[in-house]
Amino acid sequence: MKADRKLIQDLTPEIENTSITWYITFIILFGIFATGVYGLYQQIDKGHIVTGMRDNVVWGFYIVNFIFFMGLSYSGALISGVLHLFNTGWRKPIIRIAELITIISLIIGPFFIFFCIGRLDRLYYLFLYPRIQSPITWDVIAIMTDLVGCFLYLYLSFIEDFAILRDYPDLKVAPWKKKLYKTLSLGFTGTEKQMKILNNARTVMAAMVIAIAIIVYSVLAWIFGVTLQPGWHSTIFGPYFVIAAVFSGTGLLIILMWIFRKIYHLEAYITKRHFVNVGVLLTVIAAFYGYFTFSDYLTKWYGSIKMDSILIDKLFTDYYSLFIFANYIGILLPCIIIAFPRFRTIPNITIAAVIAVTALWVNRYIIVIPTLETPFLPIQDVRPDWITYSPTWVEWSLTLAGVSVFAMLFMLVSKIAPIISISEMQEQDENELLN
Amino acid sequence: MKKKVVFAILCLSLLPLSSFQLFSQEVTLITPYISLQYFKNTDDQRYVQTTLTYSSNRMELPLPGMEVTFFNGGDKKETLASIVTDNKGVARFELTKELSLKSNSDGMWVFSSEFKGNDSIEAATVEITVKDVRLELALAVVDTVKMITVKAFTDDNGSEKPVSGETVKIYVPRMFSLLPISELTLDDSGTATVEFPSDMPGDTVGKLAIIAKFEENATFGNVEKRENIAWGVPTDYSIPKSHRALWTKTAPKWMIYTLSVLLAGVWGHYLFAFISLIKINLDAKRKAKEEYRV
């Protein structure tokens, strides 16, 4: 398979040569990761006492991060699947980023569950003695199914690019990389028959990843929803989690578009049009997300069930700033920035996305923690840290380690594969020439 | 010079006052609460029990590790024993049959317990008078009706005297606490009768315990009589093997069907994608062979 030389060079900036900036960034990120590993060592050595989790608040930052990363993953799958199925023309430069968000988040997310488990040595019990009735079993099955599906979907989208890189004569890379491209491309040459098989498989998998993303994230929401805890026992939690995930994923997609555009000078490929289009998508999802949030809290507030009332009081007192940021500023500000054409600049849309992603993380925090701090039986005359949660440096370090691994994996992928699909971009160029 | 001397005297005169204030802060004593109770169980074992507590921030907290001395007798006290309170602030002394307990002029036993106090806790004493009572519990079926009869007698110079007008409570122990069945008042013959409920669950063969109690009675203290009898409705604890629920070993069928259909659907599509990859690879190999031949 052949492609335009300039296209290949523009879209594979790190494959042939590694810049000093790449190395410096990687070392800094690795340092953050190493701090997290040290924190984990402390946790394994001394036990969960080094975290802020106690008998009452048994879930902390780790679960928040797990939900957050899994949300990013499912949203990446949803966005790329929907854009592929609807054959959206402008999707081509950004679809690969969405696919990578899916896979990388899906790899990182479950690690936070492992950090949370007190007896990791008994983890295999989940597989030896699974109970179909348990939402935890549903989640384990769902995550593994999703991981396989997303890898398959990503691989299908990479085959053409691997074939292009394999057949590119001027590619100056190590021999192992050339072997890798040859093996992974499966001998794909782009014949009519091969293209038909590949496109069919991609369309089927695009539909599947959408369905799986919705089911899997709903399962995660049901882990909370099926319990009788105040704030969690809600029929709306499944769709609410899904829409919140898409909200955060769309925001992250904009942020990564901005970063890659800036670092690799992809201004010709990722244009303002892409930012505005994804930004409008973010606004629409924000409106839905805001509606779901309002509906959930209004129902609980009006119902006046004792524990729900106590929880809502807590959200508007102890968690006032976080609640306002997550559910007012985090929704309204991105909408205002993107809804008015005069504000729709690339930096503004990126700022709106940063606010949306941060607010969504905070939203996860105020879903998990205040509920656990509101037990059905009142607890009196005990140490405050038994009831209230406060994260320790170990939890902060592992959280930042998760973010750093996310960035590092993106950087490593950019060393092997194109960050924008060459085959898709080539097809776009050919279509534009034909038109 | 005169002024300096006057000032020095003034300072010295103030010194005892300030030291007194400091001293008075150090000796803020805890006022303890002391209680003494008498118990007689179904096997006629008797004991007296003292609980030593104090109040802090409106909470009653125990005073463990304190020595409490038990006495018998009114004017002429006789030391029974000195017992150290446990972590609940409780000290218990068993009144064995070998002990010859002294009665007062009314024929009642007088017990007292004393905590002598220490540097931080004030001393405390408490005294109770108890009359020994014989509580009887009779269970009989009269015309298919299960009847509980309670009788109570005291010893009056060698002869039995019925206890009248006092309240006896009937309980059945359940998993977490005692279930009250009835509150009976003894008649002139010292007897009271009540019908036992016919729908009370028992164990697998219907066995249960019935307890009759004088509870914190001003004259008799805490006296209990217990009988085990198969008057309950037998409970079947076994779960049928075919039963499927959220909490059973086997999941409800609809759950298994739903999960199986979902997984089969999803993994079936994965298989399709995987076969597509194999097809691409086979086609590529076939094409390469053709090119080689040409």
Side-chain angles (χ1 to χ4, degrees), chain A residues 1 129-135 137-138 141-142 144-160 162-163 166 182-213 215-216 219 226 380-381, chain B residues 53-62 87-89 176-177 239 241-294:
Chain A
M1 281 192 78
Y129 315 108
R131 292 189 76 247
I132 302 296
Q133 297 100 315
S134 165
T137 307
W138 308 345
I141 296 170
M144 288 192 309
T145 306
D146 191 38
L147 197 64
V148 174
C150 289
F151 259 113
L152 208 50
Y153 180 57
L154 186 74
Y155 181 52
L156 287 168
S157 77
F158 264 114
I159 285 180
E160 280 182 89
F162 286 142
R166 176 198 63 200
K182 195 181 172 187
T183 311
L184 292 177
S185 62
L186 297 173
F188 185 85
T189 47
T191 61
E192 200 178 328
K193 190 183 173 188
Q194 288 173 4
M195 283 305 293
K196 197 183 168 191
I197 296 169
L198 185 66
N199 283 335
N200 278 344
R202 285 183 71 179
T203 307
V204 165
M205 284 308 295
M208 281 319 295
V209 292
I210 295 170
I212 298 164
I215 293 170
V216 174
V219 166
V226 296
Q380 293 172 331
D381 299 305
Chain B
T53 58
Y54 74 104
S55 174
S56 173
N57 296 327
R58 292 188 292 171
M59 275 186 69
E60 194 178 359
L61 301 172
N87 57 0
K88 288 177 182 168
F176 297 108
S177 60
I239 299 163
K241 275 185 182 172
S242 59
H243 186 60
R244 291 167 178 270
L246 265 182
W247 52 88
T248 53
K249 223 172 187 179
T250 44
K253 279 181 184 168
W254 73 263
M255 269 188 157
I256 297 169
Y257 294 149
T258 309
L259 191 70
S260 305
V261 169
L262 276 173
L263 286 176
V266 173
W267 284 89
H269 283 85
Y270 288 1
L271 191 66
F272 170 77
F274 192 70
I275 291 168
S276 300
L277 289 172
I278 294 170
K279 276 183 181 171
I280 290 170
N281 190 236
L282 288 175
D283 186 67
K285 278 180 183 168
R286 187 187 50 79
K287 201 186 160 201
K289 269 184 189 172
E290 280 174 9
E291 279 173 5
Y292 180 74
R293 276 183 204 148
V294 172

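Atom set for the values below is all heavy atoms of this structure, side chains included, hydrogens, waters and symmetry mates excluded. All chains are named by letter (A, B, ...) in the order of the sequence lines, taking the proteins before the strands, and each is independently numbered beginning at 1. Fair warning: this is a prediction, and the values are worked out from it, not measured in the lab.
Interface remark: of the candidates A:A211, A:S185, A:G187, A:G149, A:G149 forms the most heavy-atom pairs closer than 4.5 Å to chain B. Counting heavy-atom pairs closer than 4.5 Å to chain B, the top residue among A:I197, A:N200, A:L198, A:L186 is A:L186.
Of the two parts of A:L152, only the side chain, counted from C-beta on, holds a non-hydrogen atom closer than 4.5 Å to a non-hydrogen atom of chain B. When heavy atoms are compared at a cutoff of 4.5 Å, A:Y155 approaches chain B solely by way of its side chain, counted from C-beta outward. In this structure, the portions of B:I280 lying under 4.5 Å from any heavy atom of chain A include both its backbone and its side chain. Of the atoms belonging to B:F272, it is side-chain heavy atoms, and not backbone ones, that fall under 4.5 Å from chain A. Of the atoms belonging to B:L282, not a single heavy atom falls under 4.5 Å from chain A. Neither the backbone nor the side chain of A:N199 comes within less than 4.5 Å of any heavy atom in chain B. In this structure, chain A has a heavy atom under 4.5 Å from the side chain of B:L263, while its backbone stays farther away. With a 4.5 angstrom heavy-atom cutoff, B:K287 touches chain A only via side-chain atoms.
B:A273 and A:L156 get closest at one heavy-atom pair: CB-CD1, 4.3 Å. Across all their heavy atoms, B:D283 and A:K193 have their closest contact at OD1-CD, 3.5 Å. Summarising the geometry of A:G190 relative to A:M195, their closest heavy-atom pair is O-CG, 3.7 Å, with the distance given to 0.1 Å. Shown here for B:P62 and B:Y54, the closest heavy-atom pair between the two residues is O-CE2, 3.7 Å.
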For a quick test of your reading: what N or O donor-acceptor pairs under 3.5 Å do the side chains of residues 247-257 of chain B make, sequence neighbours left out?
unit_1	atom_1	unit_2	atom_2	d
B:T248	OG1	B:A245	N	2.7
B:T248	OG1	B:A245	O	3.0
B:T248	OG1	B:T250	O	2.8

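Taking 4.0 Å as the cut-off between side-chain N and carboxylate O, A:E192 and A:K196 do not count as a salt-bridged pair.
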Does the side-chain contact (heavy atoms from CB on, under 4.5 Å) test come out yes or no for A:I212 and A:Y153, once each step is laid out?
CA-CA 12 Å; A:I212 298 164; A:Y153 180 57; over 6 Å; no
